[in-house]
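Presented below is the structure to which this report refers.
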Amino acid sequence: MSKLQPVRGTRDLFGEDAERFAHVVATFERLARAYGFRGVDTPIFEFTELFARGIGETTDIVSKEMYTFEDRGGESLTLRPEFTAGLCRAYLSNGWQQLSPLKLAAHGPVFRYERPQKGRYRQFHQIDAEIMGVAEPQADIELLALAAHLLDELGLAGKVQLEINTLGDTPSRLAWREALVGYFGRHEAALSEDSKTRLHKNPMRILDSKDEGDRALVADAPLLDRFLSAEAGAFFETVLKGLESVGVPYVVQPRLVRGLDYYCHTAFEFTTTHLGAQGTVLAGGRYDGLIEQLGGPATPAIGWAGGIERLGMLVDLPAAPRGPITVVPMGEASQLAAVGLTARLRRAGFVVEQAFRGNLKKRLSRASDMGAPAVLILGEDELARGEVILKDLATGAQQAVALDQVETALAVYRD
RNA sequence: GCGGCCGUAGCUCAAUUGGUUAGAGCACUGGUUUGUGGUACCAGGGGUUGGGGGUUCAAGUCCCCUCGGUCGCCCCA
């Protein structure tokens with residue numbers, strides 16, 4: 001291997017990988033527009049403070065996974081580990097309250113310092129959808145409908161499952177959390193080492209543990225139901241009914257929680273069993289308190305993010321587009337004429353490439369490799385006659401075409 | 001951050017118990033055909049065996065460190 005390695009956890013996107021990636025993004029952007037979302041781009045770095053306050057100091061993401069650095073002016077900056085905090089900041093910075101309710105769609109790189117694995121990178125990419133300023137469960141339903149629709153369009157309907165839960169409103173969540181701390185605290189000795197840590201940092205995560213001993217305890221752990229307020233319960237019911245109405249299948253997963261502090265009410269994950277340990281492909285939830293916590297007015301909001309690499313690994317490769325019609329000059333005098341012809345055809349809207357190296361065999365071979373449907377051979381003889389040879393590479397048939405009639409003859413190869 | 005497995009040409013892989021100049025297919029370049037592709041045949045270029053150190057008469061092969069990948073944990077998209 002070369003000494004020039006990419007940074008650990010990063011990779012170069014090219015060829016098939018790039019096509020899969022672009023396919024996911026293009027499908028997302030098309031659907032987001034159809035659902036009335038507006039595209040937005042925010043910086044890939046923000047003040048560290050934003051993420052620390054927004055996501056939660058004790059979360060793994062903030063406490064050990066951020067790319068944080070001091071710039072030359074002495075400011076502590078952080079490469080974004082997720083989209084939501086930055087979008088909320090933009091919402092407040094730009095006074096987008098006036099546009100509320102606001103539906104936003106974004107995509108781009110995010111950064112987390114984790115141990116890389118398949119489907120897990122240090123620079124990875126997300127598509128992201130957020131609805132800000134809507135307290136009604138209709139926003140939850142619409143956002144989930146978009147997610148499900150996207151996964152359908154990507155051909156993943158059979159490969160993913162929607163798991164959903166409610167984390168309740170703040171009072172119910174706090175009461176539940178306290179009950180969990182009490183319960184697991186009484187059984188602390190029996191907990192796994194990881195869960196002992198979770199007990200103090202993020203007790204709800206114990207519910208997600210894969211440790212067998214933990215699972216036995218989790219089975220008898222208090223459920224949110226007991227603490228769920230009537231309003232929060234009704235809210236969740238409405239969301240579930242909405243999903244049924246929209247035709248989105250789901251599984252209620254009472255132990256589903258989220259790792260970021262700002263979530264409340266609806267929490268969900270689309271998971272797959274096709275990616276090994278990296279099962280989550282798209283996930284999100286409601287975060288009614290976040291914008292206020294960042295110093296803005298109380299603003300209900302909900303959003304999700306999907307991993308482009310993970311989705312890309314699951315989708316079937318989109319059909320390869322037809323290659324370019326290839327202009328093949330032979331002889332020095334033809335070279336200039338070919339450049340002109342190529343430019344003329346490109347401006348006329350054709351997808352055109354030139355093959356100007358090697359012998360004719362080589363040039364045709366290259367055109368063939370690129371998937372060219374046809375080549376235009378322009379030699380000295382043809383040039384003298386004011387013609388070009390049009391050869392169809394699928395059939396092998398070729399014919400002489402007057403130079404000023406090329407566009408017409410190529411009409412059948414238009415996309 | 002923890003544990004396991006792996007690392008030979010651009011790609012996929014060979015290389016007896018450690019034993020001469022590390023091989024093959026695909027790809028690439030040239031030729032058979034100085035102007036006719038997808039087939040065939042011929043020839044050629046390409047490697048400090050991820051990197052560093054050690055053991056040995058001798059290391060791709062054994063040991064240590066390191067870098068990277070991968071699987072599981074953790075976490076998450």
Side-chain angles (χ1 to χ4, degrees), chain A residues 1-11 14-15 24 55 59-65 81-84 107-128 147 160 192-195 197-198 201-202 205-206 208-211 214 257-260 268-272 275-284 303-314 323 326 328-331 334 355 357-382 389-398:
Chain A
M1 290 302 154
S2 159
K3 283 179 179 173
L4 286 178
Q5 290 181 328
V7 172
R8 185 155 150 93
T10 68
R11 54 187 207 143
F14 185 68
V24 172
I55 299 170
T59 60
D60 275 19
I61 290 180
V62 171
S63 63
K64 51 190 193 194
E65 293 178 1
E82 55 115 39
F83 273 84
T84 305
H107 68 88
V110 293
F111 306 84
R112 290 183 199 172
Y113 188 85
E114 293 185 277
R115 179 137 170 201
Q117 254 177 63
K118 186 167 67 170
R120 189 165 92 178
Y121 308 99
R122 288 184 171 178
Q123 174 177 340
F124 63 103
H125 300 77
Q126 291 185 330
I127 48 178
D128 184 278
V160 298
S192 66
E193 284 310 306
D194 281 325
S195 285
T197 311
R198 292 185 183 113
K201 290 175 60 179
N202 201 341
R205 285 229 71 86
I206 299 175
D208 253 355
S209 176
K210 287 169 190 164
D211 180 89
D214 288 351
V257 293
R258 309 258 65 223
L260 285 56
F268 55 89
E269 278 181 24
F270 286 85
T271 60
T272 181
L275 288 178
Q278 274 58 243
T280 304
V281 114
L282 186 154
W304 55 247
I308 299 177
E309 285 85 354
R310 290 183 185 178
L311 291 168
M313 286 188 283
L314 291 176
T326 303
V328 180
M330 284 307 289
S334 302
R357 254 170 43 183
N359 56 27
L360 183 59
K361 177 186 170 75
K362 203 77 229 165
R363 299 180 193 205
L364 290 179
S365 175
R366 180 159 294 269
S368 194
D369 290 345
M370 297 292 289
V375 294
L376 293 166
I377 301 169
L378 184 56
E380 310 279 308
D381 299 345
E382 290 79 21
I389 291 173
L390 169 59
K391 180 183 177 82
D392 184 294
L393 288 184
T395 65
Q398 55 185 59

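Here is how names work: the chains are called A, B, and so on, in the same order as the sequence lines, proteins then strands, and each is numbered from 1.
- For the P atoms, the distance from B:C67 to B:A58 is 29 Å, rounded to whole Å.
- In a base pair of the Watson-Crick type (N1 to N3 plus N6-O4 or O6-N4) or a G-U wobble (N1-O2 and O6-N3), with each distance short of 3.5 Å, B:U8 is matched with no nucleotide.
- Although no hydrogens or angles enter the test, the distance criterion places no donor-acceptor pair under 3.5 Å between the side chain of A:R11 and the main chain of A:P6.
- When rounded to the nearest whole Å, the span between CG of A:D369 and C1' of B:G37 equals 8 Å.
- Residue whose closest nucleotide on RNA chain B sits further toward the 5' end, between A:G379 and A:G9: A:G379.
- Atom-to-atom distance recorded for A:D214:CG and A:R198:CZ is 6.5 Å, nearest 0.5 angstrom.
- Taking 4.5 Å as the limit, some side-chain heavy atom of A:R112 sits within range of a side-chain heavy atom of A:I61.
- Distances shorter than 4.0 Å separate some side-chain N or O of A:N359 from OP1 or OP2 on B:G31.
- Summarising the base pairing, B:A40 is matched to B:U32 through a Watson-Crick or G-U wobble pair whose two defining distances lie under 3.5 Å.
- For the pair A:K362 and B:U29, the criterion of a side-chain N or O lying under 4.0 Å from OP1 or OP2 is met.
- Searching all strands for a Watson-Crick or G-U wobble partner of B:G46 with both distances below 3.5 Å returns nothing.
- In the interface, the side chain of A:Q5 is not paired with the base of B:G51 through any donor and acceptor atom under 3.5 Å apart.
- The distance from the CD1 atom of A:I308 to the CE atom of A:M313 is 12.0 Å, given to the nearest 0.5 Å.
- Under the Watson-Crick and G-U wobble criteria, each requiring two contacts below 3.5 Å, nucleotide B:A27 is left unpaired.
- Counting any heavy atom pair closer than 4.0 Å across all strands shown, A:I389 reaches a base atom.
- Counting heavy atoms from C-beta on, the side chains of A:S368 and A:L364 never come closer than 4.5 Å.
- Remark: B:G1 base-pairs with B:C73. Criterion, Watson-Crick or G-U wobble with two distances under 3.5 Å.
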Sugar-phosphate atoms are those with a prime plus P, OP1 and OP2; base atoms are the rest. Using that split, label each nucleotide of nucleotides 70-77 of chain B B, S or - for protein heavy atoms under 4.0 Å, 5' to 3'.
BBBBBBBB
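- In the model, A:S192 has no side-chain atom that pairs as donor or acceptor with a side-chain atom of A:D211 under 3.5 Å.
- Under the 3.5 Å distance criterion, the side-chain polar atoms of A:S334 are matched with a main-chain donor or acceptor of A:L378.
- A:R366 has no side-chain polar atom (N or O) that falls below the 4.0 Å cut-off from OP1 or OP2 of B:U36.
- A:R363 places its CZ atom 15 Å from the C1' atom of B:G30, with the value rounded to the nearest Å.
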